[in-house]
Asks: 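The structure follows.
Per chain, numbering begins at 1; letters A, B, ... match sequence-line order. Since we're looking at a predicted model, the values are computed, not measured.
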Protein chains: 2
Amino acid sequence: MSDMTSTPDAPRSPGRPRSIRADEAIIEATLDLLAEGSTIEALSIEAIAARAGVGKATIYRRWAGKDALLLDALRRLKGVPAQPAGHSVRDDLVLLVGAIGKNVDPRAAKIMPCLAPAVNRSSDQFQLYQSIISPRRQLMREVLRRGIDEGVLRADIDVEVTMALLTGPMLIQRVLQWNPDLDEQTLPVQVVDAVLEGIRVR
Amino acid sequence: MSDMTSTPDAPRSPGRPRSIRADEAIIEATLDLLAEGSTIEALSIEAIAARAGVGKATIYRRWAGKDALLLDALRRLKGVPAQPAGHSVRDDLVLLVGAIGKNVDPRAAKIMPCLAPAVNRSSDQFQLYQSIISPRRQLMREVLRRGIDEGVLRADIDVEVTMALLTGPMLIQRVLQWNPDLDEQTLPVQVVDAVLEGIRVR
DNA sequence: ACGATACGGATCGGTCCCGTATCGTTAATC
DNA sequence: GATTAACGATACGGGACCGATCCGTATCGT
């Protein structure tokens with residue numbers, strides 16, 4: 001949490017302790033509202049409090065404001081990235097590409113697109129966004145490096161560009177519905193194979 | 001316009017005619033404010049009126065509300081897609097990929113990302129979005145088909161998937177700043193060449 | 001000159017939200 | 001049982017915005 005009065009070595013705090021259920025309920029309510037279509041700035045503390053069955057004061061007791069709460073709430077969305085098996089480079093890439101935009105928390109799929117515009121406005125939110133996707137990028141980077149070491153992939157490819165190549169098509173389709181004619185199900189395999197083989201006649 | 005009292009066969013409307021300058025000023029103010037970082041729902045009629053040097057009533061006289069105004073304003077952003085030269089398939093693709101997210105109207109680059117979340121919420125805005133990018137997709141589709149016909153590209157590629165392959169990386173980088181380590185300048189060439197050649201050792 | 005209408009500007013009531021304050025109640029410790 | 005602080009609920013003043021309406025003025029066609 002950002003500014004909760006968490007005292008690691010409990011020096012005894014008198015009075016009624018803060019409700020852990022309230023903490024959870026507030027975070028969950030925030031994510032639920034976002035997932036239901038509310039945009040970040042349309043989200044109100046009052047709506048969150050009502051949804052969480054909590055008084056507004058209970059929220060302000062824990063966070064300084066909407067931004068601090070949002071930052072904490074979004075952090076919960078990180079989820080666990082898919083773990084590649086490590087056998088076939090192609091299979092690992094298909095797995096990673098297929099996992100793009102698919103988080104353990106189904107709400108994340110709805111929320112992430114809304115983050116996009118905020119990312120270019122707030123430095124904090126940009127950092128948050130990067131901290132979420134960075135580990136996933138690292139996973140793919142390792143698979144590509146492995147492919148190069150094993151001699152499956154060309155040694156002269158630009159790994160960063162290749163990651164964008166694999167990620168981009170999946171992301172614009174899942175997040176923007178870029179092309180209604182594309183099939184999201186088969187797209188990961190198609191993308192990976194196309195990138196592997198190239199499209200030029202040879 | 002959405003609900004202007006436009007009478008095609010001018011039967012002469014009495015009274016003072018509407019100012020064309022006001023029309024333009026309102027649209028321009030809307031786009032300017034969006035480009036300056038305002039999000040769609042943070043945009044207020046009052047701010048637009050103030051910026052345009054126009055009374056609020058002047059806006060309400062022309063549009064039913066913010067949504068109608070926005071729809072009209074965003075339609076102005078379409079701009080003219082880049083025209084491929086038609087000589088080299090590779091060069092044409094580099095040109096088209098490089099043009100992604102780069103519109104004649106520099107404000108469009110700032111505004112388009114903000115559209116992303118709205119696209120999944122409003123059917124109208126989804127249609128608008130598709131109507132903007134659809135002609136550009138068509139342009140790339142034609143270049144790819146030409147490449148196949150000329151025997152430069154493999155005949156068995158999925159053209160739609162290939163378009164996503166070329167567009168995705170550029171779009172996530174320009175719109176989301178997906179990977180800070182990528183160079184936007186060289187990315188078009190890198191993407192096109194990588195897609196053309198593939199990354200597999202052969 | 002006249003009616004009609006649009007103009008920029010100002011004001012109004014209503015709604016929503018923020019952040020704070022204050023209720024009576026509840027749950028822990030002493 | 002007394003103390004203490006968090007609880008849900010509610011009210012507050014302040015602010016932003018909406019949509020409507022009204023000024024007095026400007027600009028048309030007649």
Asks: Using 4.0 Å as the upper bound for N to carboxylate O, is an ion pair formed by A:R141 and A:E160?
Replies: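 Salt bridge between A:E160 and A:R141, a charged N being under 4.0 Å from a carboxylate O: yes.
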Asks: Can you find a donor-acceptor pair, distance only, under 3.5 Å between A:R16 side chain and C:dA28 base?
Replies: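 Not at all, since no donor on one side and acceptor on the other fall under 3.5 Å apart.
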Asks: Return the value, rounded to whole Å, for the distance between atom CG of A:L69 and atom C1' of C:dC18.
Replies: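 Going from CG in A:L69 over to C1' in C:dC18 covers 14 Å.
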Asks: Rounding to a whole Å, what distance do you find between A:R21:CZ and C:dA27:P?
Replies: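 Roughly 11 Å, once rounded to whole Å.
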Asks: Starting at the 5' end of DNA chain D and moving along, which residue's nearest nucleotide shows up first, A:A57 or A:E46?
Replies: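 Whichever sits nearer the 5' end wins; that is A:A57.
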Asks: Name the pairing partner of C:dC2, where a pair is Watson-Crick or G-U wobble with both distances under 3.5 Å, or state none.
Replies: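 By the stated definition (distances under 3.5 Å), D:dG29 pairs with C:dC2.
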Asks: Can you check the A:I45 CD1 to C:dG19 C1' distance for me, whole Å?
Replies: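 In whole Å, C:dG19 C1' lies 9 Å from A:I45 CD1.
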Asks: Could you check how far CH2 of A:W63 sits from C1' of C:dG19, rounded to whole Å?
Replies: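 Distance check: A:W63 CH2 to C:dG19 C1' gives 16 Å.
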Asks: What about B:K56, does its side chain sit under 3.5 Å from the base of C:dG8 through a donor-acceptor pair?
Replies: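 In this structure, the two groups form no donor-acceptor pair.
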Asks: In whole Å, what is the span from the CG atom of A:D67 to the P atom of C:dC18?
Replies: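 The distance from CG of A:D67 to P of C:dC18 comes to 11 Å, rounded to the nearest Å.
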Asks: Could you check which of C:dA28, C:dC18, C:dA6 has an atom nearest any side-chain atom of A:K66?
Replies: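 Looking only at side-chain atoms, A:K66 lies closest to C:dC18.
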Asks: Is B:T58 near enough to C:dG8 that one of its side-chain N or O atoms lies under 4.0 angstrom from OP1 or OP2?
Replies: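 B:T58 to C:dG8 OP1/OP2: side-chain N or O found under 4.0 Å.
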Asks: So that I can tick it off, tell me whether A:D149 and A:R146 are bridged by a salt bridge, with the cut-off set at under 4.0 angstrom between side-chain N and carboxylate O.
Replies: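 A:D149 and A:R146: not salt-bridged.
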Asks: Hey, is B:D23 close enough to B:R18 for a salt bridge, meaning N to O under 4.0 Å?
Replies: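 Salt bridge absent between B:D23 and B:R18.
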Asks: If I take atom CD1 in residue B:I20 and atom P in nucleotide D:dT27, what distance separates them, rounded to the nearest angstrom?
Replies: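 Atom-to-atom, B:I20 to D:dT27, this comes out as 15 Å.
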Asks: Which heavy atom of B:G98 sits nearest a heavy atom of B:R174, and at what distance?
Replies: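 Looking at all heavy atoms of both residues, the closest pair is O-NH1, 3.1 Å.
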Asks: Does a distance-only test, which skips hydrogens and angles, find a donor-acceptor pair under 3.5 Å between the side chain of B:R18 and the base of C:dA6?
Replies: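 In this structure, the two groups form no donor-acceptor pair.
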Asks: Only one of A:D92, A:L96, A:T162 clears side-chain contact (heavy atoms from CB on, under 4.5 Å) with A:M140; which?
Replies: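 Exactly one candidate clears the test, A:L96.
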Asks: Using atom CD1 of B:I48 as one end and atom C1' of D:dC17 as the other, report the distance to the nearest whole Å.
Replies: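 From B:I48 CD1 to D:dC17 C1': 12 Å.
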Asks: Take B:A22 and A:Y60, find for each the nucleotide of DNA chain C with the closest heavy atom, and name the residue whose nucleotide sits nearer the 5' end.
Replies: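 Upstream on the strand: B:A22.
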Asks: When the distance from CZ of B:R51 to P of C:dG8 is rounded to whole Å, what number comes out?
Replies: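 My rounded result for the distance is 16 Å.
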